[in-house]
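On a predicted model such as this, the values are computed, not experimentally measured, just so you know.
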Amino acid sequence: MQTQSACAKYLRLLSLLLLLFGLTCTLTPFSAAPPPVSGGIWVLDLKGVLGPASTDYLSRGIDDAAKAGARAVIIRIDTPGGLDLSMRDLVRNILGSPIPVIGYVHPGGARAASAGTYVLYACHIAAMSPATNLGAATPVQIASPTLPASQPERDGQNGATDDKDTAANAPGTAMERKLINDAVAYIRGLAELRGRNGDWAEQAVRQGASIASSRAMELGVIDLIASDLDDLIAQLEGRTVNIAGQNRTLKLADAPRVELQPDWRSEFLAVITNPNVAYVLMLLGIYGLIFEFSNPGVGLPGIVGAVCILLALYAFQVLPVSYAGLGLVILGVALMVAEAFAPSFGVLGLGGLIAFVVGSIILMDTQLPAYQIALPVILALALSSAAMLIFMLGMVWRSRHQAVVSGIDALTGVNAVVEELHEGQPLVRVRGELWQADCTEPLQPGDPVEILTARGLRLSVKKLRRET
């Protein structure tokens, strides 16, 4: 008993530590300490899909650079795009930066596609390496561009269309036109702010156009082409940028460079905001709480479940979650659990399994492949839940067809012997206990009997014939 008590204490202590760690990671706005370099050039990297983790890392990097007195921030870009919400958060931080932010598509073969195009347009200076490209900025929710690909160009300089009314008369649903027009207005605003080609930016949104770095330089989409970081800094020397309405001349030739890598918080955020990880965390949290509520006092499943739920909720807060899908997943789990407590021979369980699968498929409200829950993960968890459901139904079926081994009903059919007569009432001994017995025939001590029924504290018995 003392050993079990000590183990329980250690489990509760471990659970408390896990809870505190989860709360710290989700609620505390940790920030990486700025390197001890002032007046330097901070270099950040935007690699892969633009999401909550990369936006957090880049935004905090810009803020920390400004606090450390950096002369400029260079964002090396190589992204296929990302979430609209994350992109807009990053753009807001770039536009509000008190120091110059230079977007640099690098190295050769890199791209600033989709959301990366907006980020590049938002930077104070846009630069690209040779053999890189940008564009394809149509919102991914649109299945096809709203302008025909064969639209004629107004001239060879900007690639804009002749008919301005074409956009208003373009095919597509009202929602598609709203998304397109909103994206066009947004990127045109960035182009006007930075003095870049707004006509091509509109074409990149409406038609999904992409161009190489050399063509982008010709059309005034970017400011310069640099082969590497040294070349970029050399070309930036003496350039003038406008920050908060004031012109500022860049002096970067003698500035030290600071390579800021993602810290543990950014790495941790990247893990939990992975849709597959967030999805599994949610299910672990739900099952942990269900197990704790069905078996109170264990402690560990409830605490771990609470931590997982908190982490999943934080991840869902920054992910494009469909609340209809989330509701179906929770409903599906609830129905499958209800099947275990109120067996309906598969009706609740089958309905819950269907709701669970459908909700999991539509859980992420985006068409970006990087933010979709992998189908094998959904199928694996659905099959595991189905196997658990079948196992529980099998246990229920066996328990209903198993012979009764306890209680009064278990006495039916049991043979006993009359122990004695008490005031004319026969008493039979069954399993070490004396019971009053009623019989249609007279009984004497030592007579064998078979128990027919049990009512209250009396048994109805049948006299058996002695074997000779």
Any side-chain heavy atom of [X] within less than 4.5 Å of one from [Y]?
X      : Y      : result
Tyr323 : Leu328 : no
Leu44  : Arg76  : no
Val333 : Leu283 : yes
Trp42  : Ile75  : no
Val241 : Thr249 : no
Arg257 : Leu229 : yes

Exercise. Is the closest side-chain donor-acceptor distance between Asn93 and Arg88 under 3.5 Å?
Worked result: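 The criterion, which ignores hydrogens and geometry beyond distance, is not satisfied for Arg88 and Asn93.
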Exercise. Just checking, is any N or O donor in the side chain of Asp199 or Gln203 under 3.5 Å from an acceptor N or O on the other one?
Worked result: no
[X] side chain to [Y] backbone, donor-acceptor under 3.5 Å:
X      : Y      : result
Arg71  : Lys251 : yes
Thr132 : Met128 : no
Asn181 : Arg177 : yes
Asp231 : Ser227 : yes
Glu202 : Val184 : no
Asn276 : Ala374 : yes
Thr117 : Leu134 : no
Ser129 : Pro107 : no

Which heavy-atom pair separates [X] from [Y] by the least distance, and what is that distance?
X      : Y      : result
Ile99  : Ile243 : C-CD1, 3.7 Å
Leu281 : Cys308 : O-CB, 3.4 Å
Pro52  : Ser86  : N-OG, 3.3 Å

Could [X] and [Y] be called an ion pair, given the rule that one side-chain N must be under 4.0 Å from one carboxylate O?
X      : Y      : result
Arg194 : Asp223 : no
Asp78  : Lys47  : no
Asp63  : Lys67  : no

Problem set entry | Aromatic ring pairing Tyr104/His106, orientation class (parallel under 30°, perpendicular over 60°, tilted between) | parallel
For this session: Measure the acute angle between the ring planes of Tyr121 and Trp200, then classify it against the limits of 30° and 60° as parallel, tilted or perpendicular.
Result: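 Rings of Tyr121 and Trp200: parallel, under 30°.
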Exercise. Where do Leu331 and Phe356 land on the side chain to side chain contact (heavy atoms under 4.5 Å, CB included) test, with the steps shown first?
Worked result: CA-CA 7 Å; Leu331 176 63; Phe356 177 82; over 6 Å; no
For this session: Would you sort out whether Ser322 and Leu363 count as a side chain to side chain contact (heavy atoms under 4.5 Å, CB included), showing the intermediate values?
Result: CA-CA 5 Å; Ser322 167; Leu363 183 60; 5.8 Å; no
Problem set entry | Met87 vs Val119, side chain to side chain contact (heavy atoms under 4.5 Å, CB included): CA-CA, chis, key distance, verdict | CA-CA 7 Å; Met87 177 268 294; Val119 173; 4.2 Å; yes
